[in-house]
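Chain A is the first sequence line, chain B the second, and so forth, proteins listed ahead of strands; every chain is numbered from 1.
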Amino acid sequence: MQQTNFAAIEKKWQGRWEKEKTFEVDEKSKKQKHYILEMFPYPSGLGLHMGHALMYTLGDIYSRFKKLQGFNVLHPMGYDALGLPAENAAIKDGTLPSKYTKKSIDNFTKLFKKFGISYDWTRTLSTSDPSYYKWDQWIFLKMLEKGLAYQKESSVNWCSKCETVLANEQVQNGMCWRHEETPVQVKKLKQWFLKITDYADELYEGLSDLKDWPERTKTMQRNWIGKSHGTQIMFEINKKEWPIFTTRPDTIFGVTFMVVSAQHTRLDSLVTPEQEMEVDKFLKKLKSVSEKDFGAMEKEGVFTGSYAINPANNEKVPVYAGNFVLADYGSGMVMAVPAHDKRDFEFAKKYKIKITQVVSGDSITKKAYVGEGKLINSEKFNDISNTQAKEKITSWLEKKKVAKKVINFKLRDWGISRQRYWGTPIPIIHCEKCGAVPVPQKDLPLKLPEKVKFGKGNPLETATEWIKTSCPRCKGNAKRETDTMDTFVNSSWYFLRYCDSSNDKAIFDKKKANYWTPVDYYFGGSEHACMHLIYSRFYSKFLRDIGLVNFDEPFTKLFHQGFVQGADGNKMSKSLGNVVDPYEIIDKFGVDTLRLFLFSVASPDKDYSWSENGIIGSFKFVKKIINYYSEVKISSSKKDIQEKFAQTVTLVEKNFEKIEYRKVTILLREFFEQFSKEKENSKEILEGFLILCSSFCPHITEELWEKLGNKDFISNAEWPKGKIVKQEISQNNPTSKIIEEIKSIQNKLNSSYEKIYVYVLPFELSSINQSKIKNTFKKDVTIFAVNDSKKYDPKNKAKNTRPGKPSIYVE
RNA sequence: GGGGAGAUGCCGGAGCGGUCAAACGGGCUGGGUUUAGGACCCAGUAGCAUCUUGCUUACGGGGGUUCGAAUCCUCCUCUCCCCACCA
């Protein structure tokens, strides 16, 4: 047994793959295409952790498997390089975002190469590259053209000291991250939005076609888009009509107040002079718009002084401004029915507002009753079930022309404006005369200026020369838009750019994109379930509508990997000191062992804790394989090994397909246990086993493959043939099984008996030869199906019955 | 506040109606082997028993469906994750 130099083997094969362009692909292949993608990383300077290692190996294993199966596999990688951390680094220690980003990207590339990930590096891209974000701008202009990009006022978190908009993560306990004593304020700015809501229904309905997406992800998206059928009811306030959306028109007679969002643009028009002070005081109290805090906040409000008239009974109810009503959902005002809504109930209790029960059911003295029931206190609708009442009251109000049925979505338009530097500049010029004018396409990319100052405000505001420009329409004085785009814009279509990443004439070649897309298997974290994965779907649909792509859904299959936690079960973090550095592990055990171990512990969609002991187990297995291959004699394999191999191949294939890598490792171990007991084996078996292992352990399998005398790479090998797994049905005669059982009981029994009762499963009953049993024992034999309610079974023996294993009672 | 996932033996975790005292690792115990490296091999690892297939107790807790539940339903308790200016 000799020491294996893993590092040398890894370097050798990584070099050869690169030299021979093993993983570079094009559209000319005769093989069937397969597009495998892992969500590209944000290259953060914090470096790489086991989570990255897990995620990218996850895709790589599948990708290598597909290649072995004979597909033309596209497996690219790039960097989602624009974003806040690079800018924070600039603010904190003066590093230029571009420099920071480049360094981080180099770090990541190093890791990917170290791991032997099979990327086609010729297609790599970085979103911070103007040749990439040029096309972000191009798409933006297309959306503008189609009326899908527009400006409106919207609230942001604002720190008066930084004079900057704050991200949610920069708000800490309502204070600025850099100025602990400065409370975050709410500020309104004119910002750019993309009209994702135009696609709300298609995004919602399309989910049911995504058969190979995790159910939970689809559920989350459905809840996010939040399609709900309801009724819009007109309430009159100060002689003006206010439409109110509700899913509970049946409770209209229980409305005792209204709540308008504190952020509502028309709030001012509701506040009476007497209440002005109170309302102002309240608004000042609402510090942050961060929705994280939004939910945690206690329900609070203030009376505006106005009253609304309930169209159902003409009752006057007070209008409050509240912090728990969303300005953008529905009409920004809700009708409150405290008897039957939890939030309304809390609010009514707090401000001592009347509570009227209109659906009979539990008492409402302590909490709201949200269940079903018959209507009460509802005039002519009394005694109707509330579900029926929804319809009836709606049509009654419709006739009175004060209501209509509507479909409402929770999804809001996508605010893409960021008052930051390290993002894609929005290609707009603000002209004093012409307003917001798009930058002409020929002027793209609109590059980020380099002469900026970081620290206070939006750095782009300090690029005075860059800002100053002339209007493309009237040539008059104009200023550039200084907002940049949300980085989710960049990641919404990057998978298309990989198909033709160096194209400088077009966003991509349509033919190439149509060949590779849609992505067949997409790997990434579940935290993206409701953002990136919805935005990408939206972008795809838009690009389809302008004739660039020919699919409806960008990702056919989707897989979410779990988290790798520290050995203590907590998230790996520096402060907890439980971080495991991939490089250290590789130095100790080699990449292949790590790759194997990452999928030996748990199913990859689950979180699991790192364990040093565990990796030793994988290391042992790798070493066993190497040792066995150095000793085995090549001749022929026994028949049972050949059979087991065929079976293993089939099962491995099946489990790879389901990303059940853990089961694959079990199958590989089991098969290895069996065939490595032999001193000699056939070349076919020896090579075949290596192929099965090569997705996990590409380097050492290449090495052993070469030692077996192969000239080409194992990476280019052909997947071995499997056989249909024999169904091992234990159909060995139930009658003789019963006889056997009775005999064994006879042996143990001292006393004599006259009657034999046999209990079998219902479906087995017909296949039992009762007379044969009778003849064998010359006793009275009765056979019952286990579910026979009239069976004689004083000792309750029937409960032990199993398939192929009857239970017996004698007396 | 809303949404999602989960709870299995000493540990990590499979299992998703019968073949389950429960795969596969790790740990531990006993034996062998080697004594040169975190080495290797075999057996055992809920309790009891007449220790080749027997009984009892077991898959967070309670209740239910079923001939039969770790697996299905329901309630409870606890844990983790996500929420649109972090990507």
Side-chain angles (χ1 to χ4, degrees), chain A residues 1 3 39-42 44 80 82-85 88 156-157 165-171 191 196 214 216-217 219-220 222-224 226 289-292 294-299 324 342-343 410-412 414-420 423 486-488 490-491 525-532 534-535 562-563 565 567 569-571 588 597 600-603 605-621 623-624 627 660 662-663 665-667 669-670 728-730 741 744-745 748 759 761-762 784-789 791 793 796 798-805:
Chain A
M1 211 189 285
Q3 186 93 34
M39 289 179 185
F40 64 168
Y42 176 78
S44 132
D80 191 12
L82 293 166
L84 194 59
N88 286 346
V156 291
N157 297 316
V165 175
L166 298 178
N168 277 337
E169 67 161 20
Q170 292 174 324
V171 179
Q191 308 198 61
I196 189 172
R216 61 180 163 127
T217 309
T219 306
M220 280 162 87
R222 281 195 188 102
N223 291 328
W224 188 264
V289 282
S290 154
E291 294 205 5
K292 202 182 268 175
F294 209 84
M297 259 192 288
E298 204 185 324
K299 279 147 210 54
F324 65 99
K342 246 174 107 183
R343 285 164 306 178
K410 231 156 79 185
L411 187 73
R412 286 174 268 161
W414 176 14
I416 57 156
S417 275
R418 298 292 182 271
Q419 292 69 38
R420 306 199 175 275
D486 179 5
T487 56
F488 276 115
N490 308 300
S491 56
S526 58
E527 69 273 24
H528 294 290
C530 293
M531 290 171 270
H532 166 59
I534 285 186
Y535 298 141
F563 286 93
Q565 293 161 335
N570 292 308
K571 248 190 178 172
K588 276 190 185 167
F597 170 65
S600 296
V601 181
S603 171
D605 59 340
K606 299 226 167 112
D607 299 350
Y608 73 96
S609 303
W610 180 260
S611 123
E612 183 87 10
N613 280 336
I615 197 160
I616 290 170
S618 299
F619 192 44
K620 280 184 194 166
F621 183 52
K623 284 202 292 190
K624 268 196 219 172
N627 290 339
E660 298 265 23
R662 179 164 218 274
K663 285 186 195 151
T665 68
I666 292 170
L667 287 162
R669 280 172 189 271
E670 274 174 358
E728 283 170 43
I729 312 160
S730 54
E741 286 279 323
S744 88
I745 288 171
K748 289 174 192 165
Y759 312 95
L761 292 179
F784 293 108
V786 104
N787 61 347
D788 185 344
S789 57
K791 65 180 182 293
D793 185 14
N796 196 16
K799 75 179 166 89
N800 295 322
T801 308
R802 298 283 133 85
K805 188 178 167 283

Taking atom C1' in both B:U34 and B:G44, what distance in whole Å separates the two? 23 Å
Would you kindly compare A:S600 and A:H528 by the position of their nearest RNA chain B nucleotide and give the one closer to the 5′ end? A:S600
A:R418 near the nucleic acid: base, sugar-phosphate alone, or nothing, with a heavy-atom cut-off under 4.0 Å? base
From NZ of A:K606 over to P of B:C81, roughly how many Å is that when rounded to an integer? 17 Å
For B:G2, does OP1 or OP2 lie under 4.0 Å from any side-chain N or O of A:N223? no
Rounded distance (Å) that lies between atom C1' of B:C40 and atom NZ of A:K624: 9 Å
Under-3.5 Å donor-acceptor pair between A:R662 side chain and B:A23 base: yes
By the 4.0 Å heavy-atom rule, please label A:S603 as base, sugar-phosphate, or nothing. sugar-phosphate
At what distance, to the nearest 0.5 angstrom, does CZ of A:R216 lie from OG of A:S526? 5.0 Å
Minimum side-chain heavy-atom gap A:K588-A:I615 below 4.5 Å: no
Where the side chain of A:Y535 is defined as all heavy atoms beyond and including C-beta, which of B:G13, B:A87, B:A84 is the nearest nucleotide? B:A84
Point-to-point distance, once rounded to the nearest 0.5 Å, from CG of A:D605 to CD of A:E660: 7.5 Å
Of the candidate nucleotides B:G38, B:A5, B:G15, which contains the atom at the shortest distance from the side chain of A:K663? B:G15
Base, sugar-phosphate, or nothing: which does A:M531 touch, judged by heavy atoms less than 4.0 Å apart? base
Can you check the A:L667 CG to B:C24 C1' distance for me, whole Å? 10 Å
Using the P atom as the reference point in each nucleotide, state the distance between B:G32 and B:A69 in Å, no decimals. 45 Å
Kindly point out which of B:G38, B:A87, B:C24 is positioned nearest to the side chain of A:D80? B:A87
Rounded to the nearest Å, what distance is computed from the NZ atom of residue A:K410 to the P atom of nucleotide B:A84? 13 Å
Separation of B:C85 P from A:H532 NE2 (nearest whole Å): 16 Å
A:T219 near the nucleic acid: base, sugar-phosphate alone, or nothing, with a heavy-atom cut-off under 4.0 Å? sugar-phosphate
Select base, sugar-phosphate, or nothing to describe what A:T487 touches, counting heavy atoms under 4.0 Å on all strands. sugar-phosphate
Sugar-phosphate, base or nothing in reach of A:W224, heavy atoms under 4.0 Å: base
Is any side-chain heavy atom of A:H532 less than 4.5 Å from a side-chain heavy atom of A:E527? no
Is it true that a side-chain atom of A:D788 and a backbone atom of A:A785 form a donor plus acceptor pair closer than 3.5 Å? no
Which nucleotide, B:G13, B:C67, B:A87, lies nearest any side-chain atom of A:P85? B:A87
Side chain of A:N787: nearest nucleotide among B:A14, B:A23, B:C67? B:C67
Atom CG of A:N627 and atom C1' of B:G37: how far apart are they, to the nearest Å? 13 Å
Syn/anti state of B:C81 by chi, 90° boundary around 0: anti
Within the 4.0 Å heavy-atom criterion, would you say A:F488 contacts the bases, only the backbone, or no part of the nucleic acid? base
Protein-nucleotide distance (A:K620, atom NZ; B:G27, atom C1'), rounded to Å: 10 Å
What nucleotide among B:G12, B:G38, B:A23 has an atom nearest to a side-chain atom of A:E670? B:A23
Hey, could you give me the CE/CG distance between A:M39 and A:D80, rounded to the nearest 0.5 Å? 11.0 Å
Integer-rounded Å distance: B:C85 P and A:L84 CG: 12 Å
So how far is it from A:K624 NZ to A:N627 CG, rounded to the nearest 0.5 Å? 10.0 Å
Taking the same atom, C1', in B:C75 and in B:C24, what whole-Å distance lies between them? 35 Å
For the pair A:Y535 and A:W414, name the ring-plane relationship: parallel under 30°, tilted 30 to 60°, perpendicular over 60°. parallel
Dot-bracket for RNA chain B, 5' to 3', with Watson-Crick and G-U pairs under 3.5 Å, [ ] for crossing pairs and | for other-strand pairs: what is it? ((((((((.[[[..)..(.....]]]((((((.......))))))(((.....)))...[[[[[..)....]]]]])))))))....
How is A:I534 classified with respect to the nucleic acid when contacts are heavy atoms under 4.0 Å: base, sugar-phosphate, or nothing? nothing
On RNA chain B, does the nearest nucleotide to A:G617 precede the nearest nucleotide to A:L411 from the 5' side, or the other way round? Give the residue. A:G617
Which heavy atom in A:S603 sits nearest to a heavy atom in A:R662, and how many Å separate them? N-CD, 3.8 Å
Looking only at atom P, what distance separates B:G61 and B:U29, rounded to whole Å? 30 Å
